[in-house]
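Below: one structure, written as structure tokens.
Residue numbers start at 1 and run along the sequence shown.
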Amino acid sequence: DLVEWVFVFPEMSNTAHVLVKAKPEQPLLNFTVCLKSFTDLTRPYSLFSYTTKTQDNEILLFKPKPGEYRFYVGGKFVTFRVPRNAQEDWEHVCATWESTTGIVGFWFNGKPWPRKGLQRGYTVGAEASIVLGQDQDRFGGSFNDQKSFMGEISSVYMWDTGISTMEVQAAMRNDPGQTPIFGWRNFPYEIVGEVYLKP
């Protein structure tokens, strides 16, 4: 249970990351990913990377610059523009996707953004390597320090369903209603390199 804890990524690196030691049991036709991050980076960085043997950007939550998030499914992405924070606040984001319609939902600090479409009919593979703080360019590795995260990450959740705005807000409080595949209250992880778990 990591509710009072955060992962601190103190420096630029092509090795340091958190490996999430859980994966879906079945290929995904729906999913949701949520997390909080805190950084003053202005260069591109990766927050959440879910890679399979056949697709490096199976699921990727990426921030190319302040005020913009990219959300990838199966190698294609949609962009969501968000307020440029004064760089001293935590940002909470959730992204949800459903195969039947390709609809992507996106929430920033608990507020829904206009929905977009991506990869209708696609299936996300279950045999995955899931990493926080780096962008996997191949399964389990090939990290680029220019895309590495520096800062703090917490409240990481993934579900094999879509969730509602109320449930997004519950996840922000680390009090989710639905049982996730993995979540901050029962988080299976391995730290690789210079990452620290801090209160």
Side-chain angles (χ1 to χ4, degrees), residues 1-9 16-39 45-52 57-63 69-73 80 82 89-99 103-113 123-136 140 149 151-192 195-199:
D1 187 339
L2 298 185
V3 164
E4 301 298 327
W5 298 79
V6 300
F7 289 122
V8 179
F9 297 76
H17 63 282
V18 175
L19 186 62
V20 182
K21 308 279 283 181
K23 39 183 78 74
E25 290 167 9
Q26 307 290 332
L28 295 171
L29 296 174
N30 306 278
F31 71 84
T32 305
V33 172
C34 296
L35 56 78
K36 282 183 187 168
S37 65
F38 184 38
T39 183
Y45 59 87
S46 171
L47 287 160
F48 180 98
S49 169
Y50 177 115
T51 295
T52 58
N57 292 336
E58 190 75 276
I59 302 170
L60 177 65
L61 189 57
F62 190 79
K63 202 159 183 207
Y69 282 89
R70 276 186 195 166
F71 177 61
Y72 288 75
V73 176
F80 293 93
V82 299
D89 265 335
W90 283 85
E91 294 188 356
H92 183 267
V93 293
C94 284
T96 181
W97 173 83
E98 61 181 34
S99 176
I103 294 291
V104 173
F106 184 84
W107 290 260
F108 181 75
N109 291 341
K111 279 181 57 181
W113 252 230
T123 301
V124 170
E127 283 294 310
S129 167
I130 306 174
V131 164
L132 306 179
Q134 294 280 2
D135 178 12
Q136 304 175 80
F149 177 74
E152 306 186 12
I153 291 177
S154 77
S155 304
V156 184
Y157 291 88
M158 184 176 189
W159 291 266
D160 57 3
T161 59
I163 67 173
S164 68
T165 297
M166 272 181 65
E167 289 166 317
V168 166
Q169 291 164 354
M172 277 179 80
R173 300 189 301 270
N174 287 308
D175 188 25
Q178 291 191 44
T179 305
I181 299 168
F182 55 82
W184 212 234
R185 289 191 167 275
N186 184 14
F187 195 72
Y189 69 93
E190 178 186 329
I191 286 176
V192 182
V195 182
Y196 300 94
L197 188 63
K198 291 287 183 188

Any donor-acceptor pair under 3.5 Å from Glu167 side chain to Ser164 backbone: yes
Test log, rule side chain to side chain donor-acceptor pair (under 3.5 Å), inputs Ser154 and Trp184: CA-CA 7 Å; Ser154 77; Trp184 212 234; 4.8 Å; no
Glu91/Lys63 under salt bridge (charged side-chain N to carboxylate O under 4.0 Å, His left out): CA gap, chis, key distance, verdict: CA-CA 12 Å; Glu91 294 188 356; Lys63 202 159 183 207; 3.0 Å; yes
Side chain to side chain contact (heavy atoms under 4.5 Å, CB included) partners for Lys111, two or more places apart: Trp113
Evaluation steps, side chain to side chain contact (heavy atoms under 4.5 Å, CB included), between Ile163 and Cys34: CA-CA 10 Å; Ile163 67 173; Cys34 296; 4.2 Å; yes
Sidechain-backbone polar pair: Glu58 side chain, Gly125 backbone, donor-acceptor under 3.5 Å: yes
Trp90-Ser37 side chain donor-acceptor pair, cut-off 3.5 Å: no
Ring centers of Phe80, Tyr69 separated by less than 6.0 Å: no
Non-hydrogen side-chain atoms of Asp160 and Pro24 separated by less than 4.5 Å: no
Greater than 12 external heavy atoms within 6.0 Å of Asn186's CG: no
Backbone N/O of Gly162 and side chain of Glu98: donor-acceptor pair under 3.5 Å: no
Flag for Thr161-Asn30: side-chain donor and acceptor within less than 3.5 Å: no
Between Ser129 and Gln136: side-chain donor-acceptor atoms closer than 3.5 Å: yes
Side chain Lys36, main chain Met172, donor-acceptor under 3.5 Å: yes
Phe71 and Phe31 aromatic ring geometry - parallel, tilted or perpendicular at 30°/60° bounds: tilted
Ring-ring centroid check Tyr189 Phe7, cutoff 6.0 Å: yes
Polar contact flag, side-chain donor to acceptor under 3.5 angstrom, Tyr157-Asn174: yes
No-hydrogen, no-angle side-chain donor-acceptor test under 3.5 Å, Ser46 and Gln134: no
